[in-house]
Protein chains: 2
Amino acid sequence: MSENLVAVDKAATILKLLGDKTRLMMVKLLENNTCCVCEFVEIFQTSQPAISQHLRKLRDIGVVMEERKGQWIFYSLNKNYDHYSLVEQILQQVPNQEHKLKELEENGTRISCC
Amino acid sequence: MSENLVAVDKAATILKLLGDKTRLMMVKLLENNTCCVCEFVEIFQTSQPAISQHLRKLRDIGVVMEERKGQWIFYSLNKNYDHYSLVEQILQQVPNQEHKLKELEENGTRISCC
DNA sequence: TGCATATATAAGCAAATCATTATATACTAA
DNA sequence: TTAGTATATAATGATTTGCTTATATATGCA
């Protein structure tokens with residue numbers, strides 16, 4: 001079947017991580033976009049530390065990457081992630097969240113530097 | 001893309017449920033087999049209530065089904081589950097656990113009634 | 001240099017999770 | 001009916017999780 005079989009432990013860890021609504025939406029948004037922390041704060045209407053903590057978890061296992069640009073740190077999906085295919089398959093079954101970014105643009109709170 | 005898009009909340013719930021090593025292995029085993037509670041107890045070397053509680057969670061959201069046969073209750077994957085395709089995609093990326101059943105057979109602890 | 005902004009980290013707490021032990025229920029067989 | 005086996009449920013406790021508030025760090029700009 002697939003050549004990229006993920007050990008059960010590893011798979012369970014990834015699924016648990018994605019098994020949180022906020023993180024799942026984050027990752028779905030990052031599938032087609034690069035977002036900074038403050039955008040997530042705006043989208044999820046939660047505190048900045050809460051967002052940072054979610055991102056750290058995603059970063060720790062390697063699903064997302066960060067890149068600093070000036071004051072901002074932009075996050076993106078790490079498509080070279082060992083188990084990216086698992087993430088990809090899952091995301092294919094989750095509805096697009098682009099409207100969340102649309103709302104930011106209408107607010108004028110979308111960061112579009114660089 | 002897929003017609004079976006799962007609402008984000010629902011998807012997160014499913015992923016969280018599968019984000020546990022024991023449950024993920026259970027579901028993987030049930031992909032191609034029907035197993036009873038006592039087999040899982042043997043396989044996972046844990047208490048019977050612990051197994052029952054995992055199975056209840058899986059049953060509550062509809063991923064697995066139960067069927068009583070005499071004293072035993074056999075569990076199987078519910079392939080008519082609303083969001084079976086998500087489960088299926090995930091399982092495709094998880095290695096087969098058939099060796100666990102092989103061990104039971106060698107032990108003589110595999111239930112093969114009916 | 002000093003202040004503002006963006007982000008990360010630390011500490012603390014409430015809620016959720018997962019195991020355990022004890023008990024109840026359902027079925028089988030004597 | 002009684003004893004034994006398989007399973008479910010309840011109650012409890014330790015651990016984990018995800019938030020909050022407070023603070024630290026990094027950058028940009030006056």
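Quick caveat: nothing in here was measured; it's all calculated off a predicted structure. Quick note on labels: first sequence line is chain A, next is B, and so on, each numbered from 1.
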Worksheet item: Using a distance-only test with no angle check, is there a side-chain donor-acceptor pair under 3.5 angstrom linking B/Glu67 and B/Ser76?
Response: no
Discussion item. Working note: A/Gln48 + A/Ser52, criterion side-chain hydrogen bond (donor to acceptor under 3.5 Å, both in side chains); need CA distance, chi angles, decisive distance, verdict.
Written reply: CA-CA 6 Å; A/Gln48 175 268 313; A/Ser52 275; 3.1 Å; yes
Worksheet item: Do A/Met65 and A/Tyr75 touch side chain to side chain, with heavy atoms closer than 4.5 Å?
Response: no
Worksheet item: Rounded to whole angstrom units, what separation is found between the CZ atom of B/Arg68 and the P atom of C/dA26?
Response: 8 Å
Item to complete: For B/Ile73 and C/dA24, give me the distance from atom CD1 to atom P, rounded to whole Å.
Response: 19 Å
Item to complete: Could you tell me, to 10°, how much the axis swings from one end of the helix from C/dT1-D/dA30 to C/dA30-D/dT1 to the other, five pairs per end?
Response: 10°
Worksheet item: Is B/Glu66 reaching over with its side chain to a backbone N or O of B/Val64, donor-acceptor style, under 3.5 angstrom?
Response: no
Worksheet item: Any donor and acceptor pair, going by atom type alone, linking the side chain of A/Arg56 with main-chain N or O of A/Leu58 inside 3.5 Å?
Response: no
Fill in: Exam field: side chain B/Asn33 to backbone B/Cys35, donor-acceptor pair closer than 3.5 Å
no
Discussion item. Between C1' on C/dT7 and CD on A/Glu66, what's the gap in Å once rounded to a whole number?
Written reply: 9 Å
Worksheet item: What's the CD-P distance between B/Gln71 and D/dA8, to the nearest Å?
Response: 13 Å
Item to complete: Please answer whether the main-chain N or O of B/Met25 pairs with a side-chain N or O of B/Arg23 as donor and acceptor at a distance below 3.5 Å.
Response: no
Worksheet item: Going by number, which of residues 9-28 of chain A have a non-hydrogen atom under 4.0 Å from DNA chain D?
Response: A/Lys16, A/Asp20, A/Arg23
Worksheet entry | Sidechain N-carboxylate O distance under 4.0 Å for B/Lys28, B/Glu31 | yes
Worksheet entry | B/Asn78 side chain to B/Val63 backbone, donor-acceptor under 3.5 Å | no
Worksheet item: Can a side chain N or O of A/Tyr75 be found less than 4.0 Å away from OP1 or OP2 on C/dA8?
Response: yes
Worksheet item: Under 3.5 Å, side chain of A/Glu39 to main-chain N/O of A/Cys36, donor-acceptor pair present?
Response: yes
Worksheet item: Roughly, in whole Å, what's the span from CZ in A/Phe74 to P in C/dA6?
Response: 11 Å
Discussion item. In this structure, how many angstroms lie between the C1' atom of C/dA8 and the CZ atom of A/Phe40, rounded?
Written reply: 16 Å
Discussion item. Using modelled atom types and a 3.5 Å cut-off, is there a donor and acceptor pairing between side-chain atoms of A/Gln89 and backbone atoms of A/Leu86?
Written reply: no
Item to complete: Please list residues of residues 45-61 of chain B whose heavy atoms come under 4.0 Å from any atom in DNA chain D, ordered by number; otherwise none.
Response: B/Gln48, B/Pro49, B/Ser52, B/Gln53, B/Arg56
Worksheet item: Using a cut-off of 4.0 Å on non-hydrogen atoms, how would the nucleic acid contact of A/Phe44 be classed: base, sugar-phosphate, or nothing?
Response: nothing
